[in-house]
A.B. asks: 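Structure below; questions to follow.
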There are 2 protein chains.
Amino acid sequence: MQKLLLADDHELVRETIADFLRLQGGFDVVTAQSFDEAISVARAKGPFELVMLDYSMPGMDALSGLARMRAQTGCPVAILSGTATPDVARRALSSGASGFLPKTLAPQSLVSAVRHMLSGEVYMPLEFLNNGETNETDVNLTPRERDVLLGITEGKSNKEIARDLDIQEVTVKLHVKTLSRKLGARNRTHAAMLGRDLGLM
Amino acid sequence: MQKLLLADDHELVRETIADFLRLQGGFDVVTAQSFDEAISVARAKGPFELVMLDYSMPGMDALSGLARMRAQTGCPVAILSGTATPDVARRALSSGASGFLPKTLAPQSLVSAVRHMLSGEVYMPLEFLNNGETNETDVNLTPRERDVLLGITEGKSNKEIARDLDIQEVTVKLHVKTLSRKLGARNRTHAAMLGRDLGLM
DNA sequence: GCGGTGACTATCCGTTTGCATAGGGGGATG
DNA sequence: CATCCCCCTATGCAAACGGATAGTCACCGC
(Lines give C-alpha, C1' and ligand atoms only; values in the text may rest on other atoms or scores of the structure.)
Protein backbone atom coordinates (compact mmCIF):
# COMPACT_ATOMS: atom_id res chain seq x y z
CA MET A 1 0.00 0.00 0.00
CA GLN A 2 1.38 3.38 -0.96
CA LYS A 3 2.40 5.57 1.94
CA LEU A 4 1.50 9.24 1.90
CA LEU A 5 2.34 11.99 4.37
CA LEU A 6 -0.15 14.82 4.78
CA ALA A 7 0.68 17.92 6.82
CA ASP A 8 -1.85 20.65 7.57
CA ASP A 9 -2.46 22.64 10.72
CA HIS A 10 -6.25 22.65 10.35
CA GLU A 11 -7.43 19.45 11.90
CA LEU A 12 -10.75 19.27 10.11
CA VAL A 13 -9.22 19.76 6.70
CA ARG A 14 -6.37 17.41 7.43
CA GLU A 15 -8.41 14.52 8.69
CA THR A 16 -11.12 14.91 6.09
CA ILE A 17 -8.65 14.72 3.28
CA ALA A 18 -6.72 11.91 4.93
CA ASP A 19 -9.83 9.83 5.46
CA PHE A 20 -10.95 10.41 1.93
CA LEU A 21 -7.62 9.30 0.55
CA ARG A 22 -7.70 6.22 2.75
CA LEU A 23 -11.23 5.20 1.81
CA GLN A 24 -11.42 6.24 -1.82
CA GLY A 25 -7.81 5.87 -2.76
CA GLY A 26 -6.75 2.99 -0.57
CA PHE A 27 -3.63 4.80 0.54
CA ASP A 28 -1.76 4.54 3.81
CA VAL A 29 -1.98 8.14 4.99
CA VAL A 30 0.09 9.49 7.88
CA THR A 31 -0.66 13.04 9.08
CA ALA A 32 1.19 15.86 10.81
CA GLN A 33 -0.03 19.22 12.03
CA SER A 34 3.00 21.39 11.50
CA PHE A 35 5.97 21.50 9.25
CA ASP A 36 8.38 20.52 11.97
CA GLU A 37 6.24 17.56 12.91
CA ALA A 38 6.12 16.59 9.26
CA ILE A 39 9.90 16.57 9.11
CA SER A 40 10.10 14.38 12.21
CA VAL A 41 7.43 12.01 10.96
CA ALA A 42 9.12 11.77 7.58
CA ARG A 43 12.30 10.70 9.30
CA ALA A 44 10.67 8.38 11.80
CA LYS A 45 7.99 6.66 9.76
CA GLY A 46 9.39 6.91 6.25
CA PRO A 47 9.96 6.35 3.54
CA PHE A 48 6.93 7.92 1.93
CA GLU A 49 6.06 7.92 -1.72
CA LEU A 50 4.40 11.32 -1.67
CA VAL A 51 4.35 14.22 0.78
CA MET A 52 1.64 16.90 0.81
CA LEU A 53 2.38 20.14 2.65
CA ASP A 54 0.01 22.96 3.43
CA TYR A 55 1.38 26.23 2.10
CA SER A 56 0.43 28.35 5.09
CA MET A 57 1.41 26.35 8.10
CA PRO A 58 3.62 26.80 11.16
CA GLY A 59 7.23 26.36 10.14
CA MET A 60 6.62 26.22 6.41
CA ASP A 61 8.07 29.68 5.83
CA ALA A 62 6.51 30.09 2.41
CA LEU A 63 8.27 27.74 0.00
CA SER A 64 11.50 27.14 1.83
CA GLY A 65 9.85 24.24 3.64
CA LEU A 66 9.29 22.61 0.28
CA ALA A 67 12.98 22.57 -0.50
CA ARG A 68 13.84 21.21 2.92
CA MET A 69 11.34 18.40 2.68
CA ARG A 70 12.50 17.50 -0.80
CA ALA A 71 16.09 17.46 0.35
CA GLN A 72 15.35 15.23 3.30
CA THR A 73 12.98 12.69 1.79
CA GLY A 74 13.91 12.75 -1.85
CA CYS A 75 10.35 11.81 -2.71
CA PRO A 76 7.75 13.87 -4.61
CA VAL A 77 6.37 16.75 -2.56
CA ALA A 78 3.11 18.54 -3.34
CA ILE A 79 1.84 21.85 -2.05
CA LEU A 80 -1.64 22.09 -0.62
CA SER A 81 -3.27 25.47 -0.38
CA GLY A 82 -6.58 27.01 0.50
CA THR A 83 -5.81 30.60 -0.37
CA ALA A 84 -4.42 29.67 -3.71
CA THR A 85 -3.06 32.31 -6.01
CA PRO A 86 -1.88 31.21 -9.43
CA ASP A 87 1.43 32.74 -8.79
CA VAL A 88 2.10 30.70 -5.71
CA ALA A 89 1.22 27.62 -7.71
CA ARG A 90 3.69 28.47 -10.42
CA ARG A 91 6.39 29.25 -7.95
CA ALA A 92 5.77 26.01 -6.13
CA LEU A 93 6.39 24.11 -9.33
CA SER A 94 9.45 26.18 -10.11
CA SER A 95 10.76 25.23 -6.71
CA GLY A 96 10.40 21.59 -7.54
CA ALA A 97 6.97 20.71 -6.21
CA SER A 98 5.43 17.66 -7.80
CA GLY A 99 2.04 19.25 -7.75
CA PHE A 100 -0.23 21.96 -6.54
CA LEU A 101 -3.49 21.02 -4.89
CA PRO A 102 -6.04 23.77 -4.20
CA LYS A 103 -8.35 22.81 -1.38
CA THR A 104 -11.26 23.62 -3.63
CA LEU A 105 -10.39 20.60 -5.71
CA ALA A 106 -13.20 18.10 -6.20
CA PRO A 107 -12.62 15.09 -3.93
CA GLN A 108 -12.51 12.61 -6.77
CA SER A 109 -10.04 14.79 -8.61
CA LEU A 110 -7.86 14.71 -5.54
CA VAL A 111 -7.49 10.95 -5.74
CA SER A 112 -6.64 11.05 -9.41
CA ALA A 113 -4.22 13.90 -8.81
CA VAL A 114 -2.43 11.86 -6.15
CA ARG A 115 -2.25 8.87 -8.49
CA HIS A 116 -0.92 11.15 -11.19
CA MET A 117 1.86 12.39 -8.96
CA LEU A 118 2.69 8.90 -7.73
CA SER A 119 3.20 7.86 -11.33
CA GLY A 120 5.95 10.42 -11.63
CA GLU A 121 4.23 13.34 -13.24
CA VAL A 122 3.30 16.81 -12.15
CA TYR A 123 -0.21 17.75 -11.20
CA MET A 124 -1.57 21.25 -11.51
CA PRO A 125 -5.00 22.59 -12.51
CA LEU A 126 -4.77 24.82 -15.55
CA GLU A 127 -6.86 27.67 -14.15
CA PHE A 128 -3.93 28.46 -11.93
CA LEU A 129 -1.86 29.25 -14.94
CA ASN A 130 -4.30 31.08 -17.18
CA ASN A 131 -5.52 33.64 -14.72
CA GLY A 132 -2.05 34.20 -13.52
CA GLU A 133 -1.28 37.67 -14.76
CA THR A 134 -2.45 39.74 -11.84
CA ASN A 135 -1.07 38.38 -8.66
CA GLU A 136 -1.86 40.87 -5.93
CA THR A 137 -0.77 39.12 -2.84
CA ASP A 138 -1.68 40.83 0.39
CA VAL A 139 1.75 42.47 0.47
CA ASN A 140 1.94 45.72 -1.41
CA LEU A 141 5.32 47.28 -1.81
CA THR A 142 5.83 50.72 -3.26
CA PRO A 143 7.58 50.92 -6.64
CA ARG A 144 10.76 52.10 -5.01
CA GLU A 145 10.71 49.29 -2.52
CA ARG A 146 10.43 46.84 -5.39
CA ASP A 147 13.43 48.42 -7.05
CA VAL A 148 15.43 47.96 -3.90
CA LEU A 149 14.19 44.43 -3.38
CA LEU A 150 15.22 43.56 -6.90
CA GLY A 151 18.68 44.86 -6.18
CA ILE A 152 18.85 42.77 -3.04
CA THR A 153 17.89 39.62 -4.91
CA GLU A 154 20.75 40.30 -7.30
CA GLY A 155 23.13 40.29 -4.39
CA LYS A 156 23.94 43.95 -4.56
CA SER A 157 25.07 45.96 -1.57
CA ASN A 158 23.16 48.99 -0.39
CA LYS A 159 25.86 51.16 -1.88
CA GLU A 160 25.49 49.57 -5.29
CA ILE A 161 21.73 49.78 -5.21
CA ALA A 162 22.00 53.44 -4.25
CA ARG A 163 24.29 54.16 -7.16
CA ASP A 164 22.08 52.27 -9.61
CA LEU A 165 18.96 54.09 -8.48
CA ASP A 166 20.83 57.37 -8.14
CA ILE A 167 19.87 57.91 -4.52
CA GLN A 168 21.76 57.94 -1.25
CA GLU A 169 22.73 54.80 0.59
CA VAL A 170 20.76 55.83 3.66
CA THR A 171 17.63 55.96 1.57
CA VAL A 172 18.24 52.43 0.40
CA LYS A 173 18.58 51.37 4.00
CA LEU A 174 15.24 52.97 4.73
CA HIS A 175 13.57 51.03 1.95
CA VAL A 176 15.22 47.81 3.04
CA LYS A 177 13.90 48.29 6.53
CA THR A 178 10.34 49.09 5.49
CA LEU A 179 10.05 46.36 2.87
CA SER A 180 11.48 43.84 5.28
CA ARG A 181 8.84 44.82 7.81
CA LYS A 182 6.09 44.51 5.19
CA LEU A 183 7.28 41.07 4.20
CA GLY A 184 7.86 39.93 7.74
CA ALA A 185 11.50 39.24 6.92
CA ARG A 186 14.21 39.12 9.53
CA ASN A 187 16.87 40.63 7.27
CA ARG A 188 17.69 41.39 3.65
CA THR A 189 18.46 37.81 2.75
CA HIS A 190 15.18 36.60 4.15
CA ALA A 191 13.41 39.43 2.35
CA ALA A 192 15.00 38.35 -0.90
CA MET A 193 13.83 34.77 -0.47
CA LEU A 194 10.31 35.77 0.50
CA GLY A 195 10.18 38.28 -2.31
CA ARG A 196 11.07 35.61 -4.80
CA ASP A 197 8.68 33.09 -3.28
CA LEU A 198 5.85 35.56 -3.35
CA GLY A 199 6.72 36.73 -6.83
CA LEU A 200 6.89 40.37 -5.96
CA MET A 201 9.18 41.41 -8.75
CA MET B 1 -13.40 16.33 -32.73
CA GLN B 2 -10.85 18.30 -30.76
CA LYS B 3 -8.72 20.64 -32.79
CA LEU B 4 -5.01 20.86 -32.09
CA LEU B 5 -2.36 23.10 -33.60
CA LEU B 6 1.16 21.75 -33.85
CA ALA B 7 4.05 23.96 -34.91
CA ASP B 8 7.56 22.64 -35.53
CA ASP B 9 10.09 23.48 -38.20
CA HIS B 10 11.35 19.93 -38.63
CA GLU B 11 8.99 18.34 -41.10
CA LEU B 12 9.69 14.77 -40.13
CA VAL B 13 9.11 15.37 -36.45
CA ARG B 14 6.08 17.51 -37.07
CA GLU B 15 4.28 15.15 -39.38
CA THR B 16 5.15 12.06 -37.39
CA ILE B 17 3.71 13.51 -34.24
CA ALA B 18 0.71 14.91 -36.06
CA ASP B 19 -0.11 11.60 -37.68
CA PHE B 20 0.29 9.77 -34.44
CA LEU B 21 -2.09 12.13 -32.68
CA ARG B 22 -4.59 11.77 -35.52
CA LEU B 23 -4.50 8.00 -35.59
CA GLN B 24 -4.00 7.11 -31.97
CA GLY B 25 -5.73 10.06 -30.39
CA GLY B 26 -8.43 10.80 -32.92
CA PHE B 27 -7.62 14.50 -32.89
CA ASP B 28 -7.98 17.04 -35.66
CA VAL B 29 -4.40 18.20 -35.99
CA VAL B 30 -3.38 21.29 -37.99
CA THR B 31 0.32 21.94 -38.48
CA ALA B 32 2.57 24.93 -39.06
CA GLN B 33 6.30 25.12 -39.71
CA SER B 34 7.20 28.38 -38.07
CA PHE B 35 5.95 30.51 -35.27
CA ASP B 36 4.63 33.19 -37.58
CA GLU B 37 2.74 30.64 -39.60
CA ALA B 38 1.33 29.22 -36.39
CA ILE B 39 0.01 32.64 -35.44
CA SER B 40 -1.62 33.06 -38.85
CA VAL B 41 -3.12 29.59 -38.78
CA ALA B 42 -4.42 30.13 -35.28
CA ARG B 43 -6.23 33.23 -36.48
CA ALA B 44 -7.48 31.75 -39.74
CA LYS B 45 -8.47 28.25 -38.76
CA GLY B 46 -9.22 28.65 -35.08
CA PRO B 47 -10.31 28.25 -32.51
CA PHE B 48 -8.07 25.50 -31.27
CA GLU B 49 -8.32 23.69 -28.00
CA LEU B 50 -4.59 23.16 -27.59
CA VAL B 51 -1.51 24.59 -29.26
CA MET B 52 1.88 22.90 -29.22
CA LEU B 53 4.93 25.00 -30.06
CA ASP B 54 8.47 23.87 -30.65
CA TYR B 55 10.84 25.67 -28.37
CA SER B 56 13.56 26.24 -30.94
CA MET B 57 11.82 27.38 -34.04
CA PRO B 58 11.95 30.39 -36.37
CA GLY B 59 10.15 33.30 -34.76
CA MET B 60 9.66 31.64 -31.38
CA ASP B 61 12.29 33.80 -29.72
CA ALA B 62 12.63 31.44 -26.78
CA LEU B 63 9.57 31.77 -24.60
CA SER B 64 8.25 35.10 -25.76
CA GLY B 65 6.33 33.31 -28.49
CA LEU B 66 4.52 31.39 -25.80
CA ALA B 67 3.10 34.54 -24.27
CA ARG B 68 2.08 35.91 -27.66
CA MET B 69 0.27 32.72 -28.60
CA ARG B 70 -1.47 32.57 -25.26
CA ALA B 71 -2.56 36.18 -25.56
CA GLN B 72 -3.94 35.68 -29.05
CA THR B 73 -5.72 32.38 -28.73
CA GLY B 74 -6.54 32.21 -25.04
CA CYS B 75 -6.29 28.45 -25.23
CA PRO B 76 -3.79 26.14 -23.53
CA VAL B 77 -0.35 26.27 -25.06
CA ALA B 78 2.29 23.59 -24.59
CA ILE B 79 5.99 23.72 -25.31
CA LEU B 80 7.63 20.99 -27.34
CA SER B 81 11.35 20.55 -27.09
CA GLY B 82 14.04 18.21 -28.23
CA THR B 83 16.95 19.71 -26.39
CA ALA B 84 15.09 19.70 -23.14
CA THR B 85 16.75 21.12 -20.10
CA PRO B 86 14.91 21.19 -16.80
CA ASP B 87 15.50 24.88 -16.66
CA VAL B 88 13.64 25.54 -19.87
CA ALA B 89 10.82 23.35 -18.65
CA ARG B 90 10.49 25.27 -15.43
CA ARG B 91 10.62 28.58 -17.19
CA ALA B 92 8.00 27.44 -19.65
CA LEU B 93 5.59 26.63 -16.85
CA SER B 94 6.38 29.86 -15.09
CA SER B 95 5.49 31.66 -18.29
CA GLY B 96 2.11 30.00 -18.35
CA ALA B 97 2.61 26.97 -20.55
CA SER B 98 0.05 24.25 -20.10
CA GLY B 99 2.65 21.62 -20.44
CA PHE B 100 6.13 20.63 -21.42
CA LEU B 101 6.62 17.82 -23.89
CA PRO B 102 10.12 16.47 -24.41
CA LYS B 103 10.46 14.84 -27.79
CA THR B 104 11.84 11.79 -26.06
CA LEU B 105 8.40 11.15 -24.63
CA ALA B 106 6.96 7.72 -25.35
CA PRO B 107 4.34 7.99 -28.12
CA GLN B 108 1.56 6.60 -25.99
CA SER B 109 2.44 9.00 -23.21
CA LEU B 110 2.11 11.81 -25.70
CA VAL B 111 -1.53 11.01 -26.31
CA SER B 112 -2.31 10.81 -22.63
CA ALA B 113 -0.39 14.02 -22.04
CA VAL B 114 -2.47 15.79 -24.67
CA ARG B 115 -5.68 14.46 -23.14
CA HIS B 116 -4.46 15.60 -19.77
CA MET B 117 -3.89 19.11 -20.99
CA LEU B 118 -7.21 19.21 -22.83
CA SER B 119 -8.91 18.37 -19.57
CA GLY B 120 -7.55 21.57 -18.11
CA GLU B 121 -4.50 20.39 -16.29
CA VAL B 122 -0.81 20.82 -16.67
CA TYR B 123 1.43 18.14 -18.03
CA MET B 124 5.05 17.81 -17.14
CA PRO B 125 7.26 14.79 -16.52
CA LEU B 126 8.60 14.86 -13.01
CA GLU B 127 12.18 14.16 -13.96
CA PHE B 128 12.34 17.67 -15.31
CA LEU B 129 11.76 18.99 -11.86
CA ASN B 130 13.53 16.51 -9.65
CA ASN B 131 16.63 16.13 -11.71
CA GLY B 132 16.60 19.85 -12.08
CA GLU B 133 19.95 20.05 -10.42
CA THR B 134 21.17 21.76 -13.56
CA ASN B 135 24.57 20.41 -12.76
CA GLU B 136 25.98 22.17 -15.77
CA THR B 137 27.44 24.53 -13.24
CA ASP B 138 29.05 21.55 -11.53
CA VAL B 139 28.88 22.98 -8.05
CA ASN B 140 29.60 20.50 -5.34
CA LEU B 141 29.16 21.75 -1.86
CA THR B 142 30.21 19.73 1.13
CA PRO B 143 27.41 18.55 3.45
CA ARG B 144 28.33 21.17 6.00
CA GLU B 145 28.27 23.91 3.42
CA ARG B 146 24.79 22.83 2.43
CA ASP B 147 23.69 23.03 6.05
CA VAL B 148 24.98 26.55 6.25
CA LEU B 149 23.48 27.52 2.93
CA LEU B 150 20.13 26.22 4.09
CA GLY B 151 20.37 28.41 7.17
CA ILE B 152 21.18 31.41 5.02
CA THR B 153 18.15 30.84 2.82
CA GLU B 154 16.02 30.87 5.95
CA GLY B 155 17.32 34.30 6.80
CA LYS B 156 19.31 33.20 9.80
CA SER B 157 22.33 35.07 11.07
CA ASN B 158 25.70 33.38 11.35
CA LYS B 159 25.22 33.26 15.08
CA GLU B 160 21.90 31.45 14.76
CA ILE B 161 23.27 29.01 12.23
CA ALA B 162 26.20 28.33 14.53
CA ARG B 163 23.89 27.63 17.44
CA ASP B 164 21.66 25.36 15.37
CA LEU B 165 24.59 23.36 14.03
CA ASP B 166 26.36 23.47 17.37
CA ILE B 167 29.55 24.97 16.01
CA GLN B 168 31.28 28.32 16.44
CA GLU B 169 30.26 31.43 14.57
CA VAL B 170 33.67 31.77 12.96
CA THR B 171 33.26 28.35 11.44
CA VAL B 172 29.99 29.39 9.91
CA LYS B 173 31.70 32.42 8.43
CA LEU B 174 34.30 30.14 6.91
CA HIS B 175 31.65 28.00 5.28
CA VAL B 176 29.81 31.07 4.05
CA LYS B 177 32.96 32.32 2.42
CA THR B 178 33.86 29.05 0.76
CA LEU B 179 30.38 28.22 -0.47
CA SER B 180 29.99 31.73 -1.81
CA ARG B 181 33.20 31.31 -3.74
CA LYS B 182 32.05 27.96 -5.12
CA LEU B 183 28.75 29.43 -6.24
CA GLY B 184 30.31 32.58 -7.59
CA ALA B 185 28.17 34.64 -5.25
CA ARG B 186 29.05 38.13 -4.16
CA ASN B 187 27.63 37.74 -0.68
CA ARG B 188 25.32 35.59 1.44
CA THR B 189 22.15 36.96 -0.10
CA HIS B 190 23.40 36.25 -3.58
CA ALA B 191 24.46 32.79 -2.47
CA ALA B 192 20.98 32.13 -1.14
CA MET B 193 19.40 33.12 -4.44
CA LEU B 194 21.82 31.07 -6.51
CA GLY B 195 21.39 28.13 -4.18
CA ARG B 196 17.66 28.21 -4.62
CA ASP B 197 17.89 28.72 -8.37
CA LEU B 198 20.22 25.80 -8.73
CA GLY B 199 18.14 23.63 -6.41
CA LEU B 200 21.08 22.81 -4.23
CA MET B 201 19.18 22.08 -1.08
C1' DG C 1 54.11 7.44 6.54
C1' DC C 2 52.44 11.27 3.72
C1' DG C 3 49.58 14.29 1.28
C1' DG C 4 45.01 15.84 0.60
C1' DT C 5 40.64 17.25 2.25
C1' DG C 6 36.82 18.46 5.23
C1' DA C 7 35.61 20.38 9.54
C1' DC C 8 36.66 23.21 13.02
C1' DT C 9 38.72 27.15 16.04
C1' DA C 10 41.07 31.59 16.92
C1' DT C 11 42.27 36.73 16.48
C1' DC C 12 42.08 40.89 14.07
C1' DC C 13 40.29 44.28 11.00
C1' DG C 14 37.54 47.10 7.84
C1' DT C 15 33.05 47.21 5.72
C1' DT C 16 28.20 46.58 5.61
C1' DT C 17 23.75 46.15 7.83
C1' DG C 18 20.23 47.32 10.72
C1' DC C 19 17.97 50.54 13.43
C1' DA C 20 16.75 54.88 15.60
C1' DT C 21 15.78 59.71 15.37
C1' DA C 22 14.72 63.91 12.80
C1' DG C 23 13.62 66.07 9.34
C1' DG C 24 12.17 68.40 3.88
C1' DG C 25 9.57 68.20 -0.52
C1' DG C 26 5.87 66.65 -3.60
C1' DG C 27 1.61 64.62 -4.99
C1' DA C 28 -2.96 62.95 -4.05
C1' DT C 29 -7.27 63.13 -1.51
C1' DG C 30 -10.51 64.60 1.61
C1' DC D 1 -6.18 73.85 3.24
C1' DA D 2 -5.02 69.86 6.02
C1' DT D 3 -3.52 65.35 5.88
C1' DC D 4 -1.94 61.52 4.34
C1' DC D 5 1.75 58.78 1.75
C1' DC D 6 5.83 58.25 -0.80
C1' DC D 7 10.35 59.57 -1.52
C1' DC D 8 14.29 61.47 -0.17
C1' DT D 9 18.27 63.01 3.13
C1' DA D 10 21.13 63.35 7.46
C1' DT D 11 23.67 61.72 11.78
C1' DG D 12 25.01 58.32 14.84
C1' DC D 13 25.73 53.84 16.69
C1' DA D 14 25.60 48.73 17.68
C1' DA D 15 25.60 44.54 15.47
C1' DA D 16 26.60 41.56 11.80
C1' DC D 17 29.23 40.43 7.90
C1' DG D 18 33.39 39.51 4.96
C1' DG D 19 37.98 38.49 4.65
C1' DA D 20 42.79 37.44 5.92
C1' DT D 21 45.87 34.68 8.47
C1' DA D 22 47.17 30.82 11.20
C1' DG D 23 46.52 27.05 12.98
C1' DT D 24 44.44 21.76 15.10
C1' DC D 25 42.18 17.44 14.32
C1' DA D 26 40.37 13.43 11.93
C1' DC D 27 39.78 10.68 8.00
C1' DC D 28 41.10 8.46 3.64
C1' DG D 29 43.79 6.85 -0.28
C1' DC D 30 48.31 6.04 -2.21
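Every chain is numbered from 1 and lettered A, B, ... according to where its sequence line falls, protein lines coming before strand lines.
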A.B. asks: Check each residue of residues 167-176 of chain B for a non-hydrogen atom within less than 4.0 Å of any atom in DNA chain D, then write out the ones that pass by number, or none.
C.D. replies: B:K173, B:V176
A.B. asks: I need the CD1-C1' distance between A:I152 and C:dG18, as an integer number of Å.
C.D. replies: 12 Å
A.B. asks: Is B:N158 close enough to D:dA16 that one of its side-chain N or O atoms is under 4.0 Å from OP1 or OP2 there?
C.D. replies: no
A.B. asks: Distance only, no hydrogens: is a donor on one side chain within 3.5 Å (strictly under) of an acceptor on the other, for A:H116 and A:E121?
C.D. replies: yes
A.B. asks: Could you state the NE2-P distance from B:H190 to D:dC17, rounded to the nearest angstrom?
C.D. replies: 18 Å
A.B. asks: Expressed in angstrom and rounded to an integer, what is the separation of B:E160 atom CD from D:dC17 atom C1'?
C.D. replies: 14 Å
A.B. asks: Starting the side chain at C-beta, find the nucleotide from D:dA16, D:dC7, D:dG19 nearest to B:K177.
C.D. replies: D:dG19
A.B. asks: What are the two closest heavy atoms between A:F48 and A:A42, and how far apart are they?
C.D. replies: CE1-CA, 3.8 Å
A.B. asks: With heavy-atom distances below 4.5 Å as the criterion, would you say the side chains of B:C75 and B:L50 are in contact?
C.D. replies: no
A.B. asks: Output the rounded distance in Å from NZ (A:K156) to P (C:dT15).
C.D. replies: 22 Å
A.B. asks: Start with the C-alpha gap between A:R181 and A:E145, add the side-chain angles, then the distance that decides, and say whether salt bridge (charged side-chain N to carboxylate O under 4.0 Å, His left out) holds.
C.D. replies: CA-CA 11 Å; A:R181 193 182 58 241; A:E145 286 165 355; over 6 Å; no
A.B. asks: Strictly below 4.0 Å: does A:T142 bring a side-chain N or O up to OP1 or OP2 of D:dC5?
C.D. replies: no
A.B. asks: Write down the distance between CZ (B:R188) and C1' (C:dT15), rounded to a whole number of angstrom.
C.D. replies: 14 Å
A.B. asks: In whole angstrom, what separates B:N187's CG from D:dG19's C1'?
C.D. replies: 13 Å
A.B. asks: Any side-chain N or O of A:R144 under 4.0 Å from OP1/OP2 of D:dC6?
C.D. replies: no
A.B. asks: May I have the distance from B:R146 (atom CZ) to C:dA7 (atom C1'), rounded to whole angstrom?
C.D. replies: 16 Å
A.B. asks: Among A:L12, A:L80, A:D8, A:V29, find the one that has a side-chain contact (heavy atoms from CB on, under 4.5 Å) with A:I17.
C.D. replies: A:L80
A.B. asks: Kindly indicate, with the supporting measurements, whether the criterion salt bridge (charged side-chain N to carboxylate O under 4.0 Å, His left out) is fulfilled by A:R14 and A:D9.
C.D. replies: CA-CA 7 Å; A:R14 181 180 68 245; A:D9 55 335; over 6 Å; no
A.B. asks: Quick check: do B:D28 and B:Q2 have side-chain heavy atoms less than 4.5 Å from each other?
C.D. replies: no
A.B. asks: Specify the separation, in whole Å, of atom CZ of A:R186 and atom P of D:dA15.
C.D. replies: 17 Å
